[in-house]
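Structure, as structure tokens:
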Amino acid sequence: GCPQCEETVARMRRRGVRPRVLDVGEEEAGRQARRLADTLGSRRLPVVAAGGSVWSGYRPDRIDEAAGRQRREAEAGRGPGVEADRGLRP
């Protein structure tokens with residue numbers, strides 16, 4: 001496994017951000033992961049897209065920002081909030 005990937009998913013869930021995890025060992029998920037990583041110019045895992053932002057590596061600050069956006073949107077009545085677009089792990 002990937003400890004940074006596992007902690008990213010765990011922190012997202014604890015903060016109420018719903019991750020969609022792609023296993024990069026699977027063919028289609030691997031293609032999606034490469035496209036997302038190419039947007040960053042990074043090959044470091046995890047690659048995460050949430051709340052309109054994309055980043056790589058374990059970034060608790062970015063996860064907390066996405067969770068904060070989700071809470072603010074929910075409070076403003078603008079839908080269910082942020083859903084993580086992708087969380088990637090090997």
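Keep in mind that this is a model prediction, so the values were computed, not measured.
- Looking at heavy atoms from C-beta onward, Pro19 lies in side-chain contact with Arg13 at the 4.5 angstrom threshold.
- Considering every non-hydrogen atom in both Asp23 and Ala29, the closest pair reads O-CB, 3.1 Å.
- Of all the heavy atoms in Arg62 and Val54, the pair that sits closest is NH2-O, 4.0 Å.
- The heavy-atom pair separating Ser53 from Arg69 by the smallest distance is OG-NH2, 4.0 Å.
- Listed by first then second residue, pairs satisfying salt bridge (Lys or Arg N to Asp or Glu O under 4.0 Å) with a partner in residues 46-61 read Arg59-Asp61, not counting sequence neighbours.
- Between Gln70 and Gly16, the shortest heavy-atom distance links the atoms NE2-O, 2.7 Å.
- The shortest distance between side-chain heavy atoms of Tyr58 and Val48 does not fall below 4.5 Å.
- The backbone N or O of Pro46 sits nowhere less than 3.5 Å from a side-chain atom of Gln4 that would complete a donor-acceptor pair.
- Considering every non-hydrogen atom in both Leu40 and Ser56, the closest pair reads CD1-N, 3.7 Å.
- Applying the side-chain hydrogen bond (donor to acceptor under 3.5 Å, both in side chains) rule to Arg31 yields the partners Glu27, Glu28; only residues at least two apart in sequence or on another chain are considered.
- For the pair Thr8 and Met12, the minimum side-chain heavy-atom distance is below 4.5 Å.
- In this structure, the side chain to side chain contact (heavy atoms under 4.5 Å, CB included) partners of Asp38, at least two apart in sequence or on a different chain, are Arg43.
- Contacts of Arg14 classified as side-chain hydrogen bond (donor to acceptor under 3.5 Å, both in side chains), with partners at least two apart in sequence or in another chain: Glu7.
- Considering only heavy atoms from C-beta on, Gln32 stays 4.5 Å or farther from Val24 through its side chain.
- Of all the heavy atoms in Val9 and Val21, the pair that sits closest is CG2-CG2, 3.7 Å.
- Atom-to-atom distance recorded for Cys2:SG and Leu45:CG is 5.5 Å, nearest 0.5 angstrom.
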